[in-house]
Amino acid sequence: MNILFRQGRVLDPARGVDQVADVLIVDGCLQAIQPALELGCERPGELRQVDARGKWIVPGLVDMHVHLREPGEEYKETIASGTRAAVAGGYTAVACMPNTKPVNDNAAVTRFILERAREQGSCRVYPVGAISTGSAGESLAEFGELREAGVVAVSDDGRPVMNSLLMRRALEYAKIFDLLVISHAEDLHLSRGGLMNEGPISTAQGLQGIPNTAEEVMVARDLLLAEWTGSRLHIAHVSTAGSVRLIRDAKGRGVAVTAETAPHYFCLNDEALATFDPLYKVNPPLRRPADVEAIRQGLQDGTIDAVATDHAPHSSVEKDIEFEYAANGIIGLESALPLILDLVREGLLSASEAIAKVSCNPARILGIPAGVLVTGRPADLTVIDPEAAYTLDSQAFQSKSRNCPFHGRRVQGRVEMTLVQGRVVFGHRA
Ligand code: DOR
């Protein structure tokens with residue numbers, strides 16, 4: 001099926017495009033983007049025309065941090081359900097973290113994920129390999145083998161690499177294999193036993209806290225190691241004002257560092273924990289309002305390059321229990337876009353800057369061919385209705401899990417259609 005989108009607002013931040021245009025897709029590829037396309041004798045036989053007036057046409061969104069849970073925890077999510085959630089959220093490419101069971105620390109697991117994604121996936125899946133064997137933090141995984149099998153980055157996400165020598169070696173070896181190292185910055189000695197952010201709320205609740213410094217000392221360490229080794233470093237799920245400041249300073253010195261945050265770190269703060277609702281339990285924890293403000297500033301001034309979801313599905317067995325025992329994590333694939341668009345309505349980011357944080361920026365950081373609209377290339381794109389107002393309903397999500405603290409929230413901005421390689425993989429209206 002060939003498709004012609006008529007008169008959409010084409011927003012392609014990588015190429016500096018923001019204009020009303022027609023977009024023609026033929027045989028799965030972007031054929032033309034022009035202000036007003038005349039269909040001549042080359043007119044393709046079967047053509048679906050879509051009125052895109054008032055809609056945004058953007059590069060397929062890229063989520064550089066998701067947990068698909070397969071292999072091993074298919075009752076929480078599978079590659080099939082997770083990528084269905086992704087395309088419903090406007091994403092055409094996701095990078096999946098290695099904390100599966102078994103951990104993705106070898107070629108067999110990487111190949112399994114890629115094969116499953118090819119067979120059952122709705123969008124492109126880019127596996128992230130582990131830094132250390134079993135993500136146990138003791139010995140390095142085989143980066144060469146992982147790279148050859150198809151990983152785009154390495155991370156022990158879910159856990160930090162506590163051993164500084166191992167992190168140094170990881171950065172050095174990653175450079176040889178042109179792999180990105182993604183840091184889950186957490187000092188386990190400082191965070192141990194913590195259930196939420198350390199501050200007045202944790203004191204009032206009588207819950208043990210996780211201080212900002214648990215994140216910041218590791219951000220500082222990893223920045224120093226990246227500077228020393230000259231390797232590329234990416235800081236995952238940035239949550240504190242101090243981390244933003246450290247990353248900003250390092251970027252100013254020319255350190256090859258990039259950073260991401262997640263919507264819950266710019267939309268929510270630790271006051272939500274006053275309810276003891278485990279839906280708000282996440283690692284790193286929701287922080288103080290001043291941290292939220294610093295994250296927003298970091299997004300605005302470019303210190304934080306990308307918004308990822310850290311989509312972390314958990315079943316009710318792990319989540320719908322006493323706060324103390326509940327698992328950390330928030331699902332995000334089907335709620336992120338309208339929360340990001342709030343930043344545009346609030347004047348913090350331009351439309352183009354907001355889309356860049358979920359398209360060309362993460363694609364560039366991961367080194368994957370995505371996040372830009374190029375004629376002749378596979379048509380991965382997302383059509384957004386920026387005005388549509390609705391209530392987020394996690395019961396209707398494609399994800400297998402329901403741990404979404406934004407359920408019931410009134411939002412604005414909806415994914416109308418998602419295309420991967422010219423194929424409509426999600427349509428709000430069938
Ligand atoms: O809240 C979190 N959940 N943080 C992590 O780092 C890991 C994730 C998970 O895998 O559930």
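Counting convention: from 1, in listed order, for ligands and their atoms alike. Numbers here are sequence positions counted from 1.
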Those atoms of ligand 1 less than 4.0 Å from some heavy atom in [X]:
X	answer
Asn328	1 (O), 2 (C), 3 (N), 11 (O)
Ala312	3 (N), 8 (C), 9 (C), 11 (O)
Val282	1 (O)
His184	6 (O)
Gly158	6 (O), 7 (C)

Report task. Assess His314 for proximity to ligand 1: is some non-hydrogen atom of it under 4.0 Å away? Result -> yes

Query raised in the report: Within less than 4.0 angstrom of ligand 1, does Arg69 place any heavy atom?
Result: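 Contact present.
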
**Report entry** Sole residue of Asp156, Asp105, Asn163 in side-chain hydrogen bond (donor to acceptor under 3.5 Å, both in side chains) with Ser132
**Finding:** Asp156

Given 3.5 Å as the limit, does a donor-acceptor pair link the side chain of [X] with the main chain of [Y], or not?
X	Y	answer
Asp291	Ala241	yes
Arg69	Pro313	yes
Lys357	Pro362	no

**Report entry** Nearest non-hydrogen protein atom, atom 4 (N) of ligand 1
**Finding:**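 Here the closest protein heavy atom is Asn283 O, 2.7 Å.
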
Query raised in the report: Hey, is Ile330 touching ligand 1 through its side chain, its backbone, both or neither, going by heavy atoms under 4.0 Å?
Result: neither

Report task. State whether Tyr390 and Arg414 meet the cation-pi test: NZ (Lys) or CZ (Arg) under 6.0 Å from the six-membered ring centroid, and within 45° of the perpendicular axis. Result -> yes

**Report entry** Residue from Asp301, Val257, Leu223, Leu246 passing side chain to side chain contact (heavy atoms under 4.5 Å, CB included) with Lys251
**Finding:** Val257

**Report entry** Parallel, tilted or perpendicular: ring planes of His65 versus His237, cut at 30 and 60 degrees
**Finding:** tilted

